[in-house]
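Worksheet: the structure to be examined is printed underneath.
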Amino acid sequence: MKAAGRSVRTRLRDRLAASDPGLLRLTAGLRTVGAIALTLAVLAVFGADVTHLVAGAIAAMVATFAIREKEPGPQAVTLALGLPVALASVSISSLLASRVVVGDAFFVVLIFCAVFVRRFGDRGTALGLIGFQVYFLSLFVGAQVSVLPELLGAIAVAFACSAVVRFAVVPATPAGILQRLRQAFRARLAQLIATQAELLDAGPDEIEKTLEHLRDGTARLHETALMIQSRLAEGTPDESTARLVQRRVADAEIASERLGLLLLTARSAERADTLTLHLPGAPAPAVGRSPAPGEATEILRRDLRALRTLVLRPPAEARGTALSHLRNRLLGYRDEENLPEATPAVQDVFRGIGETARAVMGLRIALDGPQDESDDTPATTRSREELDAEDAAIEAGEEAAPKEEPTGLRRPTTRAAVQVAVGSSLAIVGGELLSSQRWYWAVLTCWIVFINTASTGEILVKGYRRLLGTVLGVVAGIVLAGLVGNHTWIAFGLVLLLIFAMFYTAPLSYTLMSFFVTAMLGLLYTLLHTYSLSVLLLRIEETALGAACGIVAAALVLPIRTDRRTNELLETVLERLTDVTEGAVDQLSGGPAADLLDTARELDQALGDLRAATQPLTHPITPLRARRDTAQYVVALLETCAYHARSLAATAELLPTHPSIAADPRLRGAVRRTVRNIEAIAARVADDGARTEVETGPSIASLLEPDAAGVPRYGRITGRVLRHLERLDEAVVGLARPLGVPVRTPRG
């Protein structure tokens, strides 16, 4: 019974870890709700009235979500600095409450400053956010000078309660978050392997759905890998450990993605196109009923289950003969003589299982420390020796050169500050015309649509999502307000639930977050005895007005159009792709070692930025269907390019320590055309008038053909490198057509 109970708890823990990597959303929700609940309890003990309870609740929420630093020390400093900022903001608002014009002018200046100080990093962003939100708080509760002392006291209590919850009740250290992210990576890796196993039995009617699950699982695993990368510096004791974890996570990610491609190829009549895993809605290849005769298929099912067990088994349960037997068997597939009798494509799958098992073992050693070696087979011993040699070769990389920052109005924070100040001015004027008492809702919406956006298209999509969430939230607010009536503490309880839901869903859906915010506000209006249907309908009008003012300001004042933004990011992606490809092939050709994994992660980050920037083009509401399809196709091709570039980088980094990988100078010639083509596309993206063209020629795969005597020209590992280069070359040529770059085939 105990074992069964532990198994259930383990499965639930793994599912939670996979759905919320690092438990970051859960932590944010619990911290915010805890801070608000503690604030309400303290203020209730002191007999605060409902207005000050609401003010304290909002201040506690702001003091909690505004802090963004990862280390507890800087968090404490920012929280301490935020209190005087909050007290000053509410004091000035109260003093200017009766002076409408001066108060509005100060609000615009405050908004400009709050955005402008983002250039100073997380602390500047937090202090600006606190200043703005607390000023808004004072407008919401109608702060007056006569009640200012009580209001200041409520805000001070809120900040103190936020500190208690953050540092004592729901603490989160960088090392602890990184540990939970590692657990999430394991859980998502296990989910991906389980989905890959479904490929074995998926029939023609099921393959599309299975392939879509495979795409989602691959994307989620990659997302978690990037989250781990962002936390390594703070969560590990030294640079060497950080690089070791980074390397093992990258190995596991690349090996698992390659395993999926090999399985798909085994089910297909021909080698699977890598693009199939990256393009949403791409047609699935034609598949048969099984990838191999019955015995080989059954062995594949068994070994995929064993691989998933290796990934998921906790360190405390990872010792013992049974698990060692599984590990040894899977690692044995790295030797040709241990491969089962099957077609070449299916044998490739077994090789992929062996390489993934090696990556999983390296990941376990990096995350959990030394493993039991008493039952190792020669194949396992050799894999350990390879990993040990790689670990010994990992050294701290050189510090990155400081990047040149734009100045003046070219600086993003300055441009955004000017835009949001203009948009807020329009929102104040329009909001006052709609309501002299609730005009600040328009300003809040204008402010919010500018947060974490960088182009007019992004602001348009965010404004649409906020308006949709607001409309739905008003309906929910009407229902909840009618149910709650005058029951103050029931209303506060529902407010806490809605706030938790707001923070838990915020990273997933901006529309959902806006829905919970608006439903919560309906309850707050009920508590303040200002609720009415007309008030909630006014909120919709003010929200629409604020979104419109934000869009107008973004379109007319120092605009960054979506096309320009995406072109700039596309140039960056192509530059990073060139860096990774050239660096990897140069090292595989005998050149000096380079920091390829960091360069590969820079490529991933640039591609992630591009993917986010194209959301206005790929959003379902866009009327430009052809443009949407083109954007999706280009991003999918770039994801395919990034996969092959990561694989080349991972192989190149094995070169100094892996006995079966040797430098081959002939590889330099194989990549020259591809690099020239990437540079030609980048030049055309930078300048539409550039007269560049992409060149095609003999397939790189033709280099793999044996010579006249039937002897292979390259070894297996070099052959794998050439296949990656072939796929990369095909994807780069594929980019030319949607980007309008001519393609030339040399005559010969």
Side-chain angles (χ1 to χ4, degrees), residues 6-27 172 174-198 213-214 216-232 235-236 241-242 244-260 303-320 322-324 326-327 330-331 352-372 383 387 391 601 646 650:
R6 183 169 61 251
S7 177
V8 171
R9 289 196 302 272
T10 300
R11 288 198 298 269
L12 290 175
R13 181 196 64 195
D14 290 338
R15 288 180 182 177
L16 181 60
S19 64
D20 181 14
L23 303 184
L24 298 178
R25 291 186 284 124
L26 180 64
T27 299
I177 292 174
L178 181 59
Q179 179 61 34
R180 291 196 292 272
L181 283 173
R182 295 169 177 176
Q183 182 181 340
F185 185 84
R186 282 175 169 151
R188 286 191 165 180
L189 178 57
Q191 288 179 347
L192 179 59
I193 293 171
T195 304
Q196 290 170 347
E198 294 175 9
H213 290 165
L214 194 61
D216 291 342
T218 302
R220 286 196 296 268
L221 185 69
H222 185 58
E223 173 197 25
T224 310
L226 289 178
M227 293 174 72
I228 290 174
Q229 170 69 17
S230 69
R231 298 277 178 170
L232 281 174
T236 50
T241 303
L244 175 61
V245 173
Q246 177 192 11
R247 171 62 177 273
R248 297 302 170 224
V249 166
D251 286 347
E253 180 189 359
I254 293 168
S256 62
E257 187 167 358
R258 181 169 179 268
L259 178 59
D303 288 340
L304 286 169
R305 289 195 298 267
L307 183 60
R308 184 173 179 272
T309 299
L310 287 180
V311 172
L312 280 179
R313 190 63 59 91
E317 302 176 18
R319 304 181 187 279
L323 199 68
S324 298
L326 294 180
R327 181 195 62 212
L330 300 185
L331 289 172
I353 289 175
E355 293 299 328
T356 306
R358 177 191 182 275
V360 169
M361 185 171 71
L363 186 66
R364 295 193 73 93
I365 293 172
L367 301 185
D368 305 324
Q371 309 290 299
D372 184 10
S383 295
L387 293 169
D391 295 349
R601 283 307 177 200
R646 284 197 306 270

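All heavy atoms count here, side chains included; hydrogens, waters and symmetry mates do not.
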Residues in side-chain contact (heavy atoms from CB on, under 4.5 Å) contact with [X], at least two apart in sequence or another chain:
X: Ala252; result: Phe185, Leu189, Ala359, Leu363
X: Ser230; result: none
X: Thr195; result: Glu198, His213, Leu214
X: Ile254; result: Arg646, Ser647, Ala650

side-chain hydrogen bond (donor to acceptor under 3.5 Å, both in side chains) involving [X] - partner list, sequence neighbours excluded:
X: Thr218; answer: none
X: Asp303; answer: Arg329, Tyr333
X: Arg601; answer: Glu253, Asp604
X: Ser383; answer: Arg334

Distance, nearest 0.5 Å, that separates [atom1] of [X] from [atom2] of [Y]:
X: Thr356; Y: Arg308; atom1: OG1; atom2: CZ; result: 15.0 Å
X: Ser256; Y: Glu355; atom1: OG; atom2: CD; result: 12.5 Å
X: Arg231; Y: Arg180; atom1: CZ; atom2: CZ; result: 9.5 Å
X: Leu367; Y: Leu181; atom1: CG; atom2: CG; result: 11.0 Å

- Any donor and acceptor pair, going by atom type alone, linking the side chain of Arg305 with main-chain N or O of Ala197 inside 3.5 Å?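 Answer holds: no.
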- Looking at side-chain heavy atoms only, is the closest gap between Val249 and Gln246 below 4.5 Å?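 Of all side-chain heavy-atom pairs linking Gln246 with Val249, none is under 4.5 Å.
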